[in-house]
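See below for the structure under consideration.
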Amino acid sequence: MRISKNYTFLLLFSSSLLLIIETTTAIDTVNTTQFIRDGDTIVSANGSFILGFFSPGVSKKRYLGVWYGKISDQTVIWVANRETPLNDTSGVLRLTNQGILVIQNRSGSIIWSSNTLRPARNPIGQLLDSGNLVVKEEGDNDLENSLWQSFEHPGDNLMPDMKQGRNRITGMDWYMTSWKSPDDPSRGNISYILVPYGYPEILVMEDSRVKFRSGPWNGKRFSGVPQLKTNPVYSFEFVFNEKEIFYRYHLLNSSMLSRIVVSQEGDIQRYTWIDRTQSWELYLTANRDNCERYALCGANGVCSIDNSPVCDCLHGFVPKIESDWKVTDWSSGCVRRTPLNCSVDGFRKLSGVKLPETKTSWFNKNMNLEECKNTCLKNCNCTAYSSLDIRDGGSGCLIWFGNLLDIRVFVENEPEIYIRMAASELDNGDGATKSNVKKRIIVISGLSAGILLLLLGLVLYIRKKKQLKDITAVLCAGNMTGVFEGNLQHERNREDLDLPLFDFGAMARATNNFSVDNKLGEGGFGPVYKGTLNDGREVAVKRLSKNSRQGVDEFKNEVKHIVKLQHRNLVKLLGCCIEVDEKMLIYDGYISPEYASDGLYSTKSDVFSFGVLVLEIVSGNKNRGFSHPDHQLNLLGHAWRLFIEGKPLELISESIIESCNLFEVLRSIHVGLLCVQENPVDRPSMSYVVLMLGNEDALPQPKQPGFFTERDLIEVTYSSTQSKPYSANECSISLLEAR
């Protein structure tokens with residue numbers, strides 16, 4: 001009897017264990033014989049997303065939804081029964097034989113269901129790694145053949161590869177709607193929708209009122225969203241064909257998490273997940289200032305956020321109600337100063353703006369700009385025209401009829417619009433708005449100031465060169481040792497001396513008697529050591545070998561070269577030491593690998609230093625002494641590793657990540673890594689660095705940086721392959737100094 005009880009207990013325990021294992025095993029499908037109850041979940045194949053019942057915020061109501069599976073924050077991306085919540089945990093999800101998903105409550109009543117346009121034979125439901133819940137025929141993995149999918153019924157999140165637009169065959173619209181509140185996922189009053197009338201563009205609607213307009217697609221981006229640029233996080237596209245119209249984006253690295261959210265306040269924001277902070281950080285926002293308010297300046301008005309007041313009339317137009325404009329009520333807009341005469345009208349070009357609303361527009365993809373102009377001239381109701389696609393010199397035709405609404409200044413925008421004018425108006429001005437005239441004045445003033453600063457810098461440069469004349473003369477002397485010994489005290493006492501002299505004892509103390517632990521590298525002319533001066537400054541000390549091929553002449557030439565460097569605030573020659581047969585050069589801790597290893601110096605060494613500085617500023621860490629619990633890489637190696645893993649946002653310092661422009665910071669990281677590439681030939685010139693930081697062109701992929709790890713830096717050598725002991729060297733960030 002005792003054995004029987006133990007056997008029964010063992011069977012019960014084993015059955016319970018099997019039940020636990022079965023319920024916790026990740027499955028990504030549900031068929032017509034299975035039920036998903038409250039507490040059960042479906043997990044996508046790689047664990048990225050989970051489907052189950054949840055309660056949002058402080059609410060006690062239950063909803064079926066999909067949320068991220070690999071992050072600490074339960075971020076819900078889609079809700080099924082957002083309008084019909086459950087009041088308890090009795091909810092059940094099942095799939096019918098017709099291929100329809102249904103949610104039933106305690107009494108068995110259906111509170112929510114999907115739909116299908118065709119009958120099913122052997123349907124299954126599957127949660128994909130994209131977060132898309134699909135109903136399909138078993139064995140058919142073509143998403144286009146699915147019976148139903150959640151991505152065609154978005155909530156407040158636009159996910160990667162989710163379409164926002166319209167199926168032109170079925171008439172189905174794919175658009176986003178906000179939650180009512182963080183505790184209530186039912187439809188709020190904000191919609192984010194691609195409208196198909198005229199030439200399609202995206203609108204943010206508050207109930208039936210337009211809040212924000214993206215502007216028409218110009219081949220590269222929506223003309224009203226200039227911050228939508230080529231970037232290392234995601235690519236994007238706009239598709240317009242006979243079957244469908246949609247916008248979507250695709251993550252360049254599947255390990256990165258990024259999504260677009262429409263908030264209850266009407267903001268359209270992109271968030272990116274940062275593992276280091278375990279939080280979603282704002283990457284960009286579409287509607288960012290007051291000029292984003294739809295038609296703020298009324299018909300034929302133009303908004304410039306840099307002006308005060310922000311609204312003005314287009315050239316050739318005047319306020320319709322002057323008294324309203326005087327009290328900053330611009331809603332009445334502007335009217336033409338001179339009426340049009342269809343037979344003799346012309347056009348005035350306006351550049352750098354968000355194109356007007358396309359609700360009353362017409363387009364043709366095959367016309368060129370001249371044909372577009374002629375088409376507009378033939379129609380007396382045509383008020384403006386523009387290229388449809390700005391790529392490759394422009395193509396296609398976009399024509400407006402009636403008033404021009406919701407124009408704003410974007411100086412960086414490429415599209416040009418040609419506005420119809422009476423012949424008499426074409427003689428007045430150059431086609432820019434008054435705000436653009438003001439901008440030209442500002443630009444001219446800025447250029448004048450820049451020229452003055454350049455002249456001042458030239459004067460200072462000549463003056464400094466004169467101050468260095470005595471030092472150069474000393475270096476050119478035949479007997480250097482004697483001259484320096486004779487003039488050492490005099491040179492040290494000179495207030496304008498720009499190249500201090502250090503004694504041998506100070507250098508020995510700074511480098512721990514030239515310890516091998518302090519050695520940074522060794523070239524053909526001698527080793528380079530890391531040192532710390534009495535005032536705490538960390539330096540690189542290049543000690544020329546007594547048997548070095550570099551003699552007095554080479555030493556003089558190197559000093560002259562460093563003295564003449566333009567960017568001495570980045571790689572600065574602090575001084576030199578010459579005593580008996582010892583010759584040393586003392587630099588700041590941003591030295592390039594080719595100089596440390598081979599004694600080679602060029603302008604690309606300066607570029608390397610700049611790259612280190614950029615990465616240190618972005619990360620808030622020093623390159624030297626940087627440590628990470630997961631690896632032995634220094635800051636350069638850490639930055640490169642994050643970049644190739646598609647996680648460059650992880651590098652950004654917490655102190656700036658919430659307030660910075662993430663696009664600009666990510667581009668700075670990319671450029672910084674290009675600057676610190678190991679091979680000097682691969683590094684860009686400083687002029688090209690400035691160009692890369694100032695535009696949005698695609699950037700080349702960086703190669704492995706120099707001094708990739710702390711060990712790499714210690715073992716770098718020109719002629720020796722002997723192993724070196726590990727050293728955790730540190731490096732200070734130099735302050736930029738005026739020259």
Side-chain angles (χ1 to χ4, degrees), residues 156 158 164-165 173 175-178 188-218 221-228 238 247 260-270 284-314 317 319-321 324-325 327-335 350 352-361 383-384 386 398 400-411 413 415 417 419 433 435:
D156 66 335
L158 185 67
Q164 181 187 18
D173 287 316
Y175 65 97
M176 302 164 62
T177 54
S178 66
N189 61 347
I190 304 296
S191 300
Y192 186 52
I193 183 170
L194 190 147
V195 290
Y197 51 66
Y199 191 69
E201 56 184 344
I202 294 176
L203 300 182
V204 177
M205 309 280 293
E206 184 173 20
D207 296 322
S208 60
R209 183 175 65 88
V210 180
K211 282 179 63 72
F212 165 77
R213 186 181 62 87
S214 70
W217 185 262
N218 61 27
R221 65 181 69 86
F222 295 106
S223 72
V225 192
Q227 60 269 42
L228 192 62
F238 180 71
Y247 165 80
I260 294 176
V261 181
V262 54
S263 72
Q264 294 90 26
E265 296 76 24
D267 294 322
I268 307 301
Q269 299 169 321
R270 175 177 289 279
L284 63 80
T285 182
N287 37 343
R288 53 188 179 178
D289 58 45
N290 200 37
C291 278
E292 301 290 10
R293 290 171 54 191
Y294 172 75
L296 176 66
C297 301
N300 308 308
V302 59
C303 189
S304 176
I305 199 63
D306 296 326
N307 286 354
S308 182
V310 295
C311 285
D312 201 348
C313 289
L314 292 171
F317 293 78
K320 182 176 181 179
I321 305 176
D324 288 351
W325 277 65
V327 293
T328 67
D329 177 5
W330 309 292
S331 58
S332 59
C334 306
V335 294
L350 179 61
V353 295
K354 171 183 176 180
L355 296 180
E357 182 182 50
T358 56
K359 187 175 183 178
T360 57
S361 68
T383 52
S386 176
L398 182 58
W400 285 265
F401 303 96
N403 289 323
L404 303 175
L405 278 173
D406 196 38
I407 301 176
R408 71 161 296 173
V409 173
F410 279 131
V411 176
N413 257 21
I417 182 171
I419 300 175
T433 63
S435 59

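Just so we're clear, the structure is a prediction, and the values are computed from it rather than from any experiment.
Between Asn307 and Val310 the shortest heavy-atom distance is O-CG1, 3.5 Å. Of all non-hydrogen atoms in Arg221 and Leu228, the two that sit nearest each other are NE-O, 2.8 Å. Listed here is the closest heavy atom pair of Pro319 and Cys313: N-SG, 3.4 Å. What you find for Phe317 and Cys334 is that their closest heavy atoms are CB-CB, 3.8 Å. Considering all non-hydrogen atoms of both residues, Ile260 and Arg270 come closest at CD1-NH2, 3.4 Å. Taking both residues in full, the closest heavy atoms of Gly224 and Phe410 are given as O-CE1, 3.6 Å, listed atom of the first, atom of the second, then distance.
For the pair Leu405/Pro356, no side-chain contact is recorded, criterion being any heavy-atom separation below 4.5 Å from C-beta on. Residues Leu296 and Asn290 form a side-chain contact, since some pair of their non-hydrogen atoms from C-beta on lies under 4.5 Å apart. The shortest distance between side-chain heavy atoms of Lys211 and Tyr294 does not fall below 4.5 Å. Counting heavy atoms from C-beta outward, Leu398 and Ser361 have side chains that approach closer than 4.5 Å. Within the 4.5 Å cutoff, no side-chain heavy atoms of Thr177 are placed close to those of Asp156. Side-chain contact between Ile417 and Trp400 is present, with heavy atoms from C-beta onward closer than 4.5 Å. Side-chain atoms of Ile321 and Trp330, non-hydrogen and from C-beta on, never get closer than 4.5 Å to each other. Side chains of Tyr192 and Gln164 form a contact here, defined as non-hydrogen atoms less than 4.5 Å apart.
Under a 3.5 Å cut-off, the side chain of Asp406 and the backbone N or O of Ala295 do form a donor-acceptor pair. For Gln227 (side chain) and Thr285 (main-chain N/O), a donor-acceptor pair under 3.5 Å exists by modelled atom type. Ser223 places no side-chain N or O within 3.5 Å of a backbone atom of Gly215 that could act as its donor or acceptor partner.
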Verdict with supporting geometry, Val302 and Val409, side chain to side chain contact (heavy atoms under 4.5 Å, CB included): CA-CA 7 Å; Val302 59; Val409 173; 3.9 Å; yes
Verdict with reasoning, Met205 to Ile190, per side chain to side chain contact (heavy atoms under 4.5 Å, CB included): CA-CA 6 Å; Met205 309 280 293; Ile190 304 296; over 6 Å; no
Side chain to side chain contact (heavy atoms under 4.5 Å, CB included) between Asn300 and Val335, worked out: CA-CA 7 Å; Asn300 308 308; Val335 294; 5.8 Å; no
Candidate pair Asp312 and Cys297, rule side chain to side chain contact (heavy atoms under 4.5 Å, CB included), full reasoning: CA-CA 7 Å; Asp312 201 348; Cys297 301; over 6 Å; no
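Remark: Ser178 OG to Glu265 CD distance equals 8.5 Å, nearest 0.5 Å. A distance of 9.0 Å separates NZ in Lys359 from CG in Leu203, rounded to the nearest 0.5 Å. In this structure, CG in Leu194 is found 8.5 Å from CG in Asp173, a value given to the nearest 0.5 Å. Taken to the nearest 0.5 Å, the CG atom of Leu314 stands 4.5 Å off from the CD1 atom of Ile419. The line from OG1 of Thr358 to CZ of Arg213 is 6.5 Å long, rounded to the nearest 0.5 Å. If you take CH2 on Trp325 and OG on Ser331, they are separated by 9.5 Å, rounding to the nearest 0.5 Å.
Under a 4.0 Å N-O distance rule, the pair Arg408/Asp289 qualifies as a salt bridge.
Taken together, Cys303 and Cys311 fail the criterion of an SG-SG distance shorter than 2.5 Å.
By the 6.0 Å contact criterion, OH on Tyr175 is open, its count of non-hydrogen atoms from other residues, nucleotides or ligands being 12 or less.
Every residue meeting the ring pair (Phe, Tyr, Trp, His ring centres under 6.0 Å) condition with Tyr247, not counting sequence neighbours, appears here in chain and number order: Phe222.
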